[in-house]
Amino acid sequence: MPATPMPRSVCVYCGSRMGADPAYAEAARDAGARIAQNGWRLVYGAGDVGLMGEVANAAQSNGAEVFGVIPVHLFDREVGKRDLSTFVITENMHERKKVMYMNSDAIVVLPGGAGSLDEFFEVLTWRQLGLHDKPILLLNTNGYWDPLLALAQHVVTQGFADASMLAFVTPCDTPAEMEAALHASWA
């Protein structure tokens, strides 16, 4: 009997805070629900706070498998969510990012802070170096990532990256656009 293929896995990087705009939490819930409705698995930072908690709870309540990865030093701060399909505790942030990346087929970055930026730039750099070809999407809720997109254009304009780098990132204004972009990238 052939093995059942693993569902596609979507790694979501996002804030452990809610942010200033209620639309961020609404988009996180919508993204989590869409991941579940497509039969995809959510891979995320295993927190139960902020946008992380919103996306995970929405994915779970809509029937998704949820794979969470949290470093031991953030377990209390991010309120490690233990009721996940898979729950991994790592020794440090580097290991967390590696486990999340290795267990995903695509990366989606929701609004977040320095940690989300760190995660984004790492997978973007790996893509630029040809280490992977996974889709990288920015969920640009209410223009949150507009300054980041402008910075990326500036880096290219100033000669520090080839214009091809810009094609490695797909901005999506809504979770519906995110869903469509994921389908298109896997077609």
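Small disclaimer: the values here were computed from a predicted structure and weren't measured. Below, each value reflects all heavy atoms present in this structure, side chains not excepted, and no hydrogens, waters or symmetry copies.
A side-chain donor-acceptor contact under 3.5 Å links Arg127 to the backbone of Lys134. Between the side chain of Arg96 and the backbone N or O of Val69, at least one donor-acceptor pair lies under 3.5 Å. Side chain of Tyr24 to main chain of Tyr144: no donor-acceptor pair is present (N/O by atom type, distance under 3.5 Å, no hydrogens or angles). A donor-acceptor pair under 3.5 Å is absent between the side-chain atoms of Asn38 and the main chain of Trp40, judged by distance alone. Formation of a donor-acceptor pair under 3.5 Å by the Ser104 side chain with backbone atoms of Val10 is not found in this model. Side chain of Glu177 to backbone of Asp173: a donor-acceptor contact under 3.5 angstrom is found.
One distance of note links OG1 of Thr170 with CG of Asn140; it measures 12.0 Å at 0.5 Å rounding. Atom OG of Ser9 is separated from atom CG of Asn103 by 7.0 Å, given to the nearest 0.5 angstrom. With rounding to the nearest 0.5 Å, the separation of CZ in Phe120 from CG in Leu110 is 13.0 Å. Put simply, CG on Asp48 and CD on Glu54 are 9.0 Å apart, with the number rounded to the nearest 0.5 Å. To the nearest 0.5 Å, the span separating CH2 on Trp126 from CG on Asp133 amounts to 14.0 Å. Here CZ of Arg17 is found 11.5 Å from OG of Ser116. Values are rounded to the nearest 0.5 Å.
Of all heavy-atom pairs spanning Met100 and Tyr44, the tightest one is CE-C, 3.5 Å. Taking all atoms of both residues into account, the shortest heavy-atom contact from Ile70 to Ala46 is CB-CB, 3.8 Å. The shortest heavy-atom contact between Arg29 and Ala58 is O-CB, 3.2 Å. Leu182 and Ala106 get closest at one heavy-atom pair: CD2-CB, 3.5 Å. Across every non-hydrogen atom of Pro175 and Arg34, the tightest pair is O-CD, 3.5 Å. The two residues Thr141 and Ala27 make their nearest non-hydrogen contact at OG1-CB, 3.4 Å.
Within a 6.0 Å sphere centred on NE2 of His183, other residues, nucleotides and ligands contribute more than 12 heavy atoms. Enclosure of atom CD in Gln153 by more than 12 non-hydrogen atoms of other residues, nucleotides or ligands within 6.0 angstrom is indicated.
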Hey, mind stepping through Thr90 and Val88 against side-chain contact (heavy atoms from CB on, under 4.5 Å) and telling me if it holds? CA-CA 6 Å; Thr90 63; Val88 177; 4.1 Å; yes
Test side-chain contact (heavy atoms from CB on, under 4.5 Å) on Asn62 and Gln37; report intermediate values, then the result. CA-CA 7 Å; Asn62 283 278; Gln37 291 158 2; 3.7 Å; yes
Leu138 vs Val169, test: side-chain contact (heavy atoms from CB on, under 4.5 Å). Steps then yes/no. CA-CA 7 Å; Leu138 288 175; Val169 178; 3.6 Å; yes
Stepwise side-chain contact (heavy atoms from CB on, under 4.5 Å) check, Thr86 with Leu84: CA-CA 5 Å; Thr86 305; Leu84 306 173; 6.0 Å; no
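Using a 3.5 Å distance cut-off with no hydrogens or angles, the side chains of Asn92 and His73 do not pair a donor with an acceptor.
Residues Tyr13 and Val108 fail the side-chain proximity criterion, which asks for heavy atoms closer than 4.5 Å. Between Phe121 and Leu148, some side-chain heavy-atom pair lies under the 4.5 Å cut-off. Under the 4.5 Å side-chain criterion, counting only non-hydrogen atoms from C-beta, Trp145 is not in contact with Leu139. Looking at Asn57 and Gln60, their side chains come closer than 4.5 Å, going by heavy atoms from C-beta outward. Under the 4.5 Å side-chain criterion, counting only non-hydrogen atoms from C-beta, Val12 is not in contact with Val43.
Checked against a 6.0 Å centroid threshold, the rings of Tyr101 and His132 count as neighbours.
Each of Asn142, Asp21, Leu51 was checked for a side chain to side chain contact (heavy atoms under 4.5 Å, CB included) with Pro111, and the lone residue meeting it is Leu51.
Residues Glu119 and Lys97 are not paired through a salt bridge, judged by the lack of any N-O separation under 4.0 Å between the basic side chain and the carboxylate.
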